[in-house]
Amino acid sequence: MAGCSSHVVLAYEDAYTYLHHPAVIIGGLFALVALILSLFLILQHLRFYTNPAEQKWIVSIVFMVPVYATESVISLWNPRFSLACDILRSCHEAFALYSFGRYLIACIEIHQKSFCNFFFRPYLLGEDLLTVEKFGLVQYMILKTLCAFLALLLEVLGVYGDGEFKWYYGYPYITVVMNFSQMWALYCLVQFYDATHERLRPIKPLAKFISFKAIVFATWWQGVGIALLCAYGVLPKHGKMQTALQDFFICIEMAIAAVAHVFVFSAEPYHFLPVSENRKGMVSAETTKATLKVEQSNEEKPAMVEKTETQVEAPGTSIKESVQDIVVEGGHRVVEDVVLTINQAIGPMEKGVTKIQETLHRKTEADNHHEESEVEVEEHVEQHLLASESHSELHV
């Protein structure tokens, strides 16, 4: 039996060795496509950085593709780097999810500032909704980062067991925690989208929502699915093979995601400014002509309709200044939201501890009062006995 299992292991080793080199080449080509398209799109946003409130988060979202592609191809090339790459990928995934939520909030805030919308399309976006949405995203960002470094620590100690669903390994527990955290974050984002999709219609939010979620959640569940298939013997239960499959699939998926991002998170809308904000841009007018049929005296006659749209081509911006705004302003927002989330999480705990302390204090006071009452009763009994004895002696 032992000889049979050793033959199986050798067969898996041979299959891995045979397929590894072609997989690295194919995955590398797909990763290269993802890198070129994503970096070109990011440079376009940095070059026409006309809407910092939105574009700083778009750049963070799009940057997820080259991060995933690079780390996956490195891990596929050399499995020794797989855990380190997975940690970096997990950290950026959490930040990208937070950035997507921040992007939606920024779009709503900007549309609300429009003068016409303020009077003719007013709306109320509850503060509680924003708070819950931020909390759901930031808690995932914090837990994802902490669990990634916890996985590294457990791996060093030899008790992580990547892909092993056994009680004495840390992998299943971290997986359960991350599933709950991820589903909560997704639930908060879906609720936010459901409440605001009409106001977000100008940015076509559904396409952005689907393209982003397909990366974050599909890759996560893909990894869990591969681990389960390996655990039940459907796929070869071989550590290198399992990791290589995940990395290879991600390389292909990132190329597809990069193509989708070029259309979904296009930089073209930011090439132009509203006419009221014209500073140094070139003004261009686009005339659209259409022929309509108009009924006149029971006869249809053709009529020409012209529509002229005036656009202001935005002047190019400094890439250095754009990056500086993303790092400084974006970092400031992240710190604010993390502090707010931690305070919101600590607040109920402090209230609970305070309530427990008050309950214990009341119980202690009640016990002390009871003890004092017992002492008073004993003293009263003693006094009564002494008085009785004195009365008896006087009577004698």
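Hydrogens, waters and symmetry mates are skipped; everything else that's a heavy atom, side chains included, is used.
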So which residues get pulled into Val335's cluster when ILVMFWY side chains under 4.5 Å apart are joined, directly or through others? Val339
Residues which pass ring-ring contact (aromatic ring centres under 6.0 Å, His included) with Tyr103, listed by chain and number, not counting sequence neighbours: none
Apply the hydrophobic cluster definition, ILVMFWY joined by side-chain contacts under 4.5 Å directly or through others, and give me every member besides Leu32. Ile36
Taking side chain to side chain donor-acceptor pair (under 3.5 Å) as the definition, give me every residue that meets it alongside Glu329, ordered by chain and number, with sequence neighbours left out. none
Check the angle between the aromatic planes of Trp57 and Tyr98 and answer parallel, tilted or perpendicular using the 30° and 60° thresholds. perpendicular
Residues passing the side chain to side chain donor-acceptor pair (under 3.5 Å) test with His45, sequence neighbours excluded, are Gln55
Counterpart residues, side chain to side chain donor-acceptor pair (under 3.5 Å), relative to Asp86 (two or more places apart): Arg89
By the salt bridge (Lys or Arg N to Asp or Glu O under 4.0 Å) test, which pairs, at least two apart or in different chains, include something from residues 173-185? none
Output side-chain donor-acceptor pairs under 3.5 Å for residues 172-183, partner residues at least two apart or in another chain, one line each.
{"unit_1": "Tyr173", "atom_1": "OH", "unit_2": "Trp167", "atom_2": "O", "d": "2.7"}
{"unit_1": "Thr175", "atom_1": "OG1", "unit_2": "Tyr171", "atom_2": "O", "d": "2.7"}
{"unit_1": "Asn179", "atom_1": "OD1", "unit_2": "Trp220", "atom_2": "NE1", "d": "2.8"}
{"unit_1": "Asn179", "atom_1": "ND2", "unit_2": "Thr175", "atom_2": "O", "d": "3.3"}
{"unit_1": "Ser181", "atom_1": "OG", "unit_2": "Gln139", "atom_2": "OE1", "d": "2.9"}
{"unit_1": "Ser181", "atom_1": "OG", "unit_2": "Gln139", "atom_2": "NE2", "d": "3.4"}
{"unit_1": "Gln182", "atom_1": "OE1", "unit_2": "Trp220", "atom_2": "NE1", "d": "3.4"}
{"unit_1": "Gln182", "atom_1": "NE2", "unit_2": "Tyr140", "atom_2": "OH", "d": "3.0"}

Selection residues 143-160 - residue pairs positive for salt bridge (Lys or Arg N to Asp or Glu O under 4.0 Å), sequence neighbours left out: Glu93-Lys144
So Phe265 and His261, would you call those rings parallel, tilted or perpendicular, with 30° and 60° as cut-offs? perpendicular
By salt bridge (charged side-chain N to carboxylate O under 4.0 Å, His left out), which residues pair with Glu71, not counting sequence neighbours? none
Which residues end up grouped with Val262 if you chain together Ile, Leu, Val, Met, Phe, Trp and Tyr wherever their side-chain heavy atoms are less than 4.5 Å apart? Val33, Leu37, Val259, Phe263
Contacts of type side chain to side chain donor-acceptor pair (under 3.5 Å), residue Asp194, not counting sequence neighbours: none
Please lay out, stage by stage, how Glu54 and Tyr270 fare under the test side-chain hydrogen bond (donor to acceptor under 3.5 Å, both in side chains). CA-CA 10 Å; Glu54 291 183 9; Tyr270 304 101; 2.6 Å; yes
